Colleague: 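I'd like to ask some things about the structure below.
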Amino acid sequence: MASLQQILYGVNIHSIVGTTDLEINDLQIDSRRVNPGSCFIAIRGTLSDGHDFIAKAIDNGAVAIVCEEVPSIVNEKMHYIVVENSAKAAGIMAHSFYGKVTEKMKLTGVTGTNGKTTIATLLFRLFSSLGYKCGLISTVQNQIEAKVIPATHTTPDAISLNELLADMFSEGCSHVFMEVSSHAIHQQRVAGLQFAGGIFSNITHDHLDYHKTFDEYIKVKKSFFDSLPSTSFALSNADDKRGSVMIQNTKAKTYLYSLKRMADFKGKIIEDSLLGLELIINDVEVHFRLIGTFNAYNLLAVYGAAICLGEEKEKVLQILSNTEGAEGRFEYMVSLKERVVGIVDYAHTPDALLNVLATIKNLRKKEEKIITVVGCGGNRDRTKRPEMAEVACEYSDKIIFTSDNPRDEDPVDIIKEMEKGVPITARKKCISITDRKEAIKTAVTLAQKEDIILIAGKGHEKYQEIKGIKNHFDDKEVLTEMFQLMDK
């Protein structure tokens, strides 16, 4: 139980009908989960409005309602707290309800279009190897030390997030590394949290189905750094043209990392191959297991953040040199007989796909063909579909367009929208196969000795979402099966 009055501290309250001098058992933003003694917070969402469910919450036993507008029919026994922004209030209240644990741990947030999962995962593994008890909140999974908790969103809702952070604190975690999505920032899911630092990876075309314009997407990302306190650090990618914009108004102490210009954390690629990266970082030459220029940036971000968090340079580089990347991020396997290379990657934006394909092209020893299997998700940003196809055509010798997570859309229609980005000169090297397993099988069939197959878009995901149902599907599993057939 907690005092409603106390956990409302810091919330912008417009008016109160009733009193805040009462005890509550829990906080809920879903009326179906309300129990006797709950405080229900009515949030206006993209699909529904919590204000429409206030009566339901009261029926289920709510003792207080936090809302932006008092219902037209007021329950005389109920206590209504009218606030400026219910979503922001939920974050602040949840942080207080669960003991403000981020003030007692070092919470580092990672935001940007690409690289968030890899950076957060590498930091988690690095600090765990340094001897700290750590927590991870990522797209792939949430983790409290060795205990894995499946992730349903990049960033959980404010109440679930604070509950998870409280669990991490109670388990003894001193450091937590978290992906911070643009949706989570805009929806105030991280409101109230105390960050020790924030990392910016890059920003490219993504989520315009939600943010509508690229400028709005940038503003949302920037607002995360604007909210950082003076006690924290803000680490940004100097080579991204919006890297300096992200941190220009922050109160935090600012740092830059770069491969191309002077920066606090400067890197230079000596060699990039399937055996890994050879980098010079701040005058120290180190070999890493990760591959590609994009991973050189990820490693610089991780190294920089570790130094900002007070760790020793030599120890950090020693551990990082032996650390593997996140699941579904440039994971590769090789068939036994024909030595065909298969790569599974989460790349689902034009820029991410370009980075992966450019890396593959640079890794080619001779003239091995690059065969790309790619699709686009349904009910998401449609403007990137032709761009994804155009990128695939530019860097691949053969392209197979297929389903990703079609969700409520017809996959045939999604593929047709992708095909609009195919240049006339590239049409002969493109085929469309709606069934994703069949598309991967075809790619393996087409591959000759030492060719390279990229299966892009789903990475770590173990499902394919079709008409509201998540059917088991694992790109890596299917590719392994096809390679085994090839090697018979």
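Worth saying up front: this structure is predicted, and the values here are computed from it rather than measured. Just so you know, residue 1 is the first one in the sequence shown, and it goes up from there. Note: hydrogens, waters and symmetry copies are ignored here, and every other heavy atom, side chains too, is used.
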Colleague: Do the charged groups of Glu409 and Arg385 touch, with an N to O distance under 4.0 Å?
Modeller: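 Salt bridge: yes.
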Colleague: Classify the side-chain pair His460/Thr139 by whether it contains a donor and acceptor separated by less than 3.5 Å.
Modeller: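 Judged by distance alone, the side chains do not pair up.
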Colleague: Quick check for you: to the nearest 0.5 Å, what is the distance between Ile343 atom CD1 and Ile360 atom CD1?
Modeller: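 It comes to 4.0 Å.
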Colleague: Ignoring hydrogens and angles, tell me if any N or O in the side chain of Asn298 forms a donor-acceptor pair with the backbone of Ile119 under 3.5 Å.
Modeller: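 A pair under 3.5 Å: no.
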Colleague: Between Thr121 (side chain) and Thr118 (backbone), is there a donor-acceptor pair under 3.5 Å?
Modeller: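 No, the answer is negative, given that no donor and acceptor are paired below the 3.5 Å cut-off.
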Colleague: Has the side chain of Ser335 got a donor or acceptor atom that lies under 3.5 Å from a matching backbone atom of Val340?
Modeller: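 At least one qualifying donor-acceptor pair exists.
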Colleague: Under 4.0 Å between a side-chain nitrogen and a carboxylate oxygen: does that hold for Glu368 and Arg339?
Modeller: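 A salt bridge is absent here (no side-chain N lies under 4.0 Å from a carboxylate O).
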Colleague: Do you know the tightest heavy-atom contact between Ile466 and Pro406?
Modeller: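 Result for this residue pair: CG1-CG, 3.8 Å.
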Colleague: Within the distance-only criterion (no hydrogens, no angle test), does the side chain of Lys221 pair as donor or acceptor with the backbone N or O of Gly112 below 3.5 angstrom?
Modeller: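 Side chain of Lys221 to backbone of Gly112: a pair is present.
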Colleague: Within the 3.5 Å criterion, strictly below it, is a donor on Asn405 or Glu461 matched to an acceptor on the partner's side chain?
Modeller: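 Result is yes, a qualifying pair exists.
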Colleague: Ignoring hydrogens and geometry beyond distance, is a side-chain donor-acceptor pair present between Glu179 and Thr117 at under 3.5 Å?
Modeller: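 There is such a pair between these side chains.
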Colleague: Could you tell me the separation between the CG atom of Asn471 and the CD atom of Glu465, rounded to the nearest 0.5 Å?
Modeller: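 These two atoms lie 9.5 Å from each other.
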Colleague: Which pair of non-hydrogen atoms, one from Ala392 and one from Val374, has the smallest distance, and what is that distance?
Modeller: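 In terms of heavy atoms, the two residues are closest at CB-CG1, 4.3 Å.
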Colleague: How long is the gap from CE on Met486 to CG on Leu479, to the nearest 0.5 Å?
Modeller: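 Between Met486 CE and Leu479 CG, I get 9.0 Å after rounding to 0.5 Å.
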Colleague: With no hydrogens and no angle check, just 3.5 Å: does a side-chain donor-acceptor pair link Tyr217 and Thr113?
Modeller: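 A pair is found: one side chain offers a donor N or O, the other an acceptor, under 3.5 Å apart.
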Colleague: Measure the spacing between OG1 of Thr402 and CE of Met418 and express it to the nearest 0.5 Å.
Modeller: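 It comes to 9.5 Å.
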Colleague: If you count heavy atoms of other groups shown closer than 6.0 angstrom to NZ of Lys441, is the number above 12?
Modeller: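 No.
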Colleague: Between Arg289 and Glu324, is there a side-chain N and carboxylate O pair less than 4.0 Å apart?
Modeller: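 Counted as a salt bridge, because a side-chain N and a carboxylate O are separated by less than 4.0 Å.
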Colleague: Less than 4.5 Å apart, any side-chain heavy atom of Asn162 and any of Leu193?
Modeller: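 Side chain of Asn162 against side chain of Leu193, heavy atoms only: contact under 4.5 Å found.
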Colleague: Tell me, please, which residues at least two apart from Phe401 pass ring-ring contact (aromatic ring centres under 6.0 Å, His included).
Modeller: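 ring-ring contact (aromatic ring centres under 6.0 Å, His included) check on Phe401 returns nothing, list empty.
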Colleague: Closer than 3.5 angstrom, by distance alone: can the side chain of Ser403 be matched with the main-chain N or O of Asp435 as a donor-acceptor pair?
Modeller: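 Such a contact is absent between Ser403 side chain and Asp435 backbone.
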Colleague: Would you kindly check if the NZ (Lys) or CZ (Arg) of Lys133 is within the cone defined by 45 degrees around the ring axis of Phe169 and under 6.0 Å from the six-membered ring centre?
Modeller: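 That pair does not qualify as a cation-pi contact.
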Colleague: Between the main-chain N or O of Asn35 and the side-chain N or O of Ser38, is there a donor-acceptor pair closer than 3.5 Å?
Modeller: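 Yes; at least one donor-acceptor contact below 3.5 Å.
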Colleague: Tell me whether the count of non-hydrogen atoms from other residues, nucleotides or ligands lying under 6.0 Å of NZ in Lys222 goes above 12.
Modeller: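 Counting other residues, nucleotides and ligands, NZ of Lys222 exceeds 12 neighbours.
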Colleague: Stepwise, does the side-chain contact (heavy atoms from CB on, under 4.5 Å) test hold for Lys462 with Glu327?
Modeller: CA-CA 11 Å; Lys462 303 291 189 290; Glu327 183 185 2; 2.4 Å; yes
Colleague: Considering only distance and modelled atom types, tabulate donor-acceptor pairs under 3.5 Å from the side chains of residues 419-429, sequence neighbours left out.
Modeller:
| from | atom 1 | to | atom 2 | distance (Å) |
| --- | --- | --- | --- | --- |
| Glu419 | OE2 | Ser432 | OG | 2.5 |
| Lys429 | NZ | Cys393 | O | 2.7 |
| Lys429 | NZ | Ser396 | O | 2.7 |

Colleague: Within this structure, what is the CZ-CD1 distance for the pair Arg364 and Ile452, rounded to the nearest 0.5 Å?
Modeller: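 With rounding to 0.5 Å, CZ (Arg364) is 7.0 Å from CD1 (Ile452).
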Colleague: Is Tyr98 reaching over with its side chain to a backbone N or O of Leu161, donor-acceptor style, under 3.5 angstrom?
Modeller: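 Side chain of Tyr98 to backbone of Leu161, a donor-acceptor pair under 3.5 Å: no, none is there.
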Colleague: Measure the spacing between OG1 of Thr372 and CD1 of Ile370 and express it to the nearest 0.5 Å.
Modeller: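 Reported value, rounded in 0.5 Å steps: 6.5 Å.
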Colleague: Which heavy atom of Cys134 sits nearest a heavy atom of Phe127, and at what distance?
Modeller: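 Closest heavy-atom pair between Cys134 and Phe127: SG-CB, 3.5 Å.
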Colleague: Please answer whether the main-chain N or O of Lys449 pairs with a side-chain N or O of Lys337 as donor and acceptor at a distance below 3.5 Å.
Modeller: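 Checked: no pair found.
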Colleague: Heavy atoms, side chains only, cut-off 4.5 Å: are Phe124 and Ser138 in contact?
Modeller: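 Phe124 vs Ser138: side chains apart.
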Colleague: Evaluate the side-chain proximity of Phe294 to Thr359: yes if any heavy-atom separation is below 4.5 Å, no if none is.
Modeller: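 A side-chain contact under 4.5 Å exists here.
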Colleague: Hey, can you tell me if His175 and Phe177 have their rings parallel, tilted or perpendicular (30° and 60° cut-offs)?
Modeller: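 Ring orientation of His175 relative to Phe177: parallel.
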Colleague: Would Asp157 and Arg189 pass as an ion pair if we require N to O under 4.0 Å?
Modeller: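 Looking at Asp157 and Arg189, the cut-off is not met.
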Colleague: Of the non-hydrogen atoms in Ile43 and Ala90, which two are nearest, and what is the gap between them?
Modeller: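 Minimum heavy-atom contact is CD1-CB, 4.0 Å.
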Colleague: Is the Phe195 ring parallel, tilted or perpendicular to the Phe224 ring (thresholds 30°, 60°)?
Modeller: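 Because their plane-to-plane angle is over 60°, the rings of Phe195 and Phe224 count as perpendicular.
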Colleague: Check whether any side-chain N or O of Thr111 sits under 3.5 Å from a backbone N or O of Ser181 as a donor-acceptor pair, and report yes or no.
Modeller: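 Such a contact is absent between Thr111 side chain and Ser181 backbone.
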Colleague: May I ask you to say whether Glu394 pairs ionically with Lys361, meaning some side-chain N is under 4.0 Å from a carboxylate O?
Modeller: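 No, this pair does not count.
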Colleague: List the steps, then state whether side-chain contact (heavy atoms from CB on, under 4.5 Å) holds for Ile137 with Val176.
Modeller: CA-CA 8 Å; Ile137 302 172; Val176 178; 4.2 Å; yes
Colleague: Quick one: does Asp451's side chain have a donor or acceptor within less than 3.5 Å of a partner on Gln448's backbone?
Modeller: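 Present.
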Colleague: Side chains of Asn202 and Tyr297: do they bring a donor and an acceptor to under 3.5 Å?
Modeller: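 Side-chain D/A pair, Asn202 to Tyr297: absent.
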Colleague: For Asp351 and Asn114, which I'm curious about, is there any donor-acceptor pair between the side chains at under 3.5 Å?
Modeller: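 Asp351 vs Asn114: donor-acceptor pair found between side chains.
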Colleague: Quick one: closest heavy-atom pair of Leu290 and Gly325, and the distance?
Modeller: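 Reported closest heavy-atom pair: CD1-N, 3.7 Å.
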Colleague: Apply the test side-chain contact (heavy atoms from CB on, under 4.5 Å) to residues Glu481 and Lys437: give CA-CA distance (whole Å), side-chain angles for both, the deciding distance (0.1 Å), then the verdict.
Modeller: CA-CA 10 Å; Glu481 179 188 333; Lys437 184 172 183 177; 3.6 Å; yes
Colleague: Grab the two heavy atoms, one from Ala301 and one from Leu235, that are nearest each other, plus how far apart they are.
Modeller: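 Residues Ala301 and Leu235, closest heavy atoms: O-CD2, 3.3 Å.
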